[in-house]
Amino acid sequence: QVQLVESGGGLVQPGGSLRLSCAASGSSISRYPMAWHRQAPGKQREWVASITSSGSTNYPDSMKGRFTISRDNAKNTVYLQMNSLKPEDTAVYYCKNAQVGGSWGQGTQVTVSS
């Protein structure tokens, strides 16, 4: 029932920053754990960040200190702040309900290049 729409991606130079948004509609996501994943062509989808309903966050080591996940339940939206971006961060970024059987958004493209 819930629909997820990612936005905020684009072209950014190495060292730059972007903030991605995941807007949910159809139902509230306030009680769901949420996550961001990314996928580059020919590569496995990779977990980027997660956040519980109470706001507790977790990241893989490669993202710690650069990426921050947050949520605004009043706006039914999850965010991913990305700083110090590197070319290897280039991928399509997806938002997901982290519960078993949770739905994915359609993704937003992030390209880090000079």
Side-chain angles (χ1 to χ4, degrees):
Q1 185 177 355
V2 65
Q3 297 172 323
L4 303 173
V5 179
E6 300 93 336
S7 63
L11 176 64
V12 64
Q13 293 189 357
S17 298
L18 286 173
R19 189 175 78 156
L20 307 183
S21 297
C22 173
S25 61
S27 64
S28 174
I29 60 169
S30 64
R31 302 185 72 89
Y32 298 160
M34 299 293 291
W36 287 93
H37 299 249
R38 68 186 184 186
Q39 188 168 28
K43 297 184 179 180
Q44 292 183 317
R45 189 165 293 190
E46 176 186 28
W47 169 59
V48 171
S50 58
I51 185 167
T52 69
S53 60
S54 62
S56 179
T57 61
N58 201 11
Y59 311 88
D61 287 343
S62 61
M63 312 300 173
K64 291 180 179 178
R66 298 196 302 124
F67 290 8
T68 303
I69 188 171
S70 62
R71 65 195 304 162
D72 185 339
N73 288 333
K75 295 183 178 180
N76 214 27
T77 300
V78 179
Y79 303 96
L80 183 68
Q81 178 68 45
M82 304 187 296
N83 299 324
S84 301
L85 284 164
K86 306 173 182 179
E88 51 263 45
D89 295 321
T90 296
V92 177
Y93 284 72
Y94 298 91
C95 177
K96 185 184 186 298
N97 176 353
Q99 296 187 157
V100 174
S103 61
W104 296 87
Q106 85 294 329
T108 185
Q109 176 72 48
V110 172
T111 302
V112 185
S113 176
S114 297

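The model shown is predicted, which means the values in this text are computed figures rather than measured ones.
- Within the structure, salt bridge (Lys or Arg N to Asp or Glu O under 4.0 Å) contacts touching residues 53-64 (residues at least two apart or in different chains) are Asp61-Lys64.
- The same ILVMFWY cluster, assembled from side-chain heavy atoms under 4.5 Å apart, contains both Trp36 and Leu18.
- Residue pairs satisfying the disulfide (SG to SG under 2.5 Å) criterion with at least one member in residues 52-85, sequence neighbours excluded, are absent.
- For Thr52, the side-chain hydrogen bond (donor to acceptor under 3.5 Å, both in side chains) partners are Ser54, not counting sequence neighbours.
- Taking all atoms of both residues into account, the shortest heavy-atom contact from Met34 to Val78 is CG-CG2, 3.8 Å.
- Partners of Val112 under the side-chain contact (heavy atoms from CB on, under 4.5 Å) rule, at least two apart in sequence or in another chain, are Val12, Pro14, Leu85, Pro87, Asp89, Thr90, Val110.
- Rounding to the nearest 0.5 Å gives a distance of 10.0 Å between CG of Leu4 and OH of Tyr32.
- Scanning both residues, Val48 and Met63, for their nearest heavy atoms gives O-CG, 3.5 Å.
- Through side-chain heavy atoms spaced under 4.5 Å, either directly or across other Ile, Leu, Val, Met, Phe, Trp or Tyr residues, Leu11 is tied to no other residue.
- Contacts classified as salt bridge (Lys or Arg N to Asp or Glu O under 4.0 Å) and involving residues 39-51 (residues at least two apart or in different chains) are given here: Arg38-Glu46.
- No more than 12 heavy atoms of other residues, nucleotides or ligands shown are found within 6.0 angstrom of CD on Gln44.
- Shown here are the side-chain contact (heavy atoms from CB on, under 4.5 Å) partners of Ser17, two or more places apart in sequence or in another chain: Gln81, Asn83.
- Taking CZ of Arg19 as the reference point, atom OG of Ser7 lies at 9.5 Å (rounded to 0.5 Å).
- Residues that satisfy the side-chain contact (heavy atoms from CB on, under 4.5 Å) test with Ser84, not counting sequence neighbours, are Arg66.
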Check residues 100-107 and write down every donor-acceptor pair under 3.5 Å in which the side-chain atom is one partner and the other belongs to a residue at least two apart or another chain.
from   : atom 1 : to   : atom 2 : distance (Å)
Gln106 : NE2    : Glu6 : O      : 3.2
Gln106 : NE2    : Glu6 : OE1    : 3.3

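- Considering all non-hydrogen atoms of both residues, Thr68 and Tyr59 come closest at CA-OH, 3.4 Å.
- In terms of heavy atoms, Ala49 sits closest to Leu80 at CB-CD1, 4.1 Å.
- Looking only at distances, no side-chain donor or acceptor of Ser113 sits under 3.5 Å from a matching main-chain atom of Thr111.
- In the hydrophobic clustering (ILVMFWY side chains linked at under 4.5 Å, chained through shared members), Tyr79 stands by itself.
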Ignoring hydrogens and angles, write down the donor-acceptor pairs under 3.5 Å from the side chains of residues 22-29, residues two or more places apart or on other chains.
from  : atom 1 : to    : atom 2 : distance (Å)
Ser25 : OG     : Gln3  : OE1    : 3.4
Ser28 : OG     : Ser30 : N      : 3.2
Ser28 : OG     : Ser30 : OG     : 3.0

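- With a 4.5 Å cut-off on side-chain heavy atoms, Trp47 and Pro60 count as touching.
- Pairs engaging residues 32-94 under the disulfide (SG to SG under 2.5 Å) rule: none recorded [sequence neighbours left out].
- Residues His37 and Tyr93 have side chains not in contact (no heavy-atom distance under 4.5 Å, counting atoms from C-beta outward).
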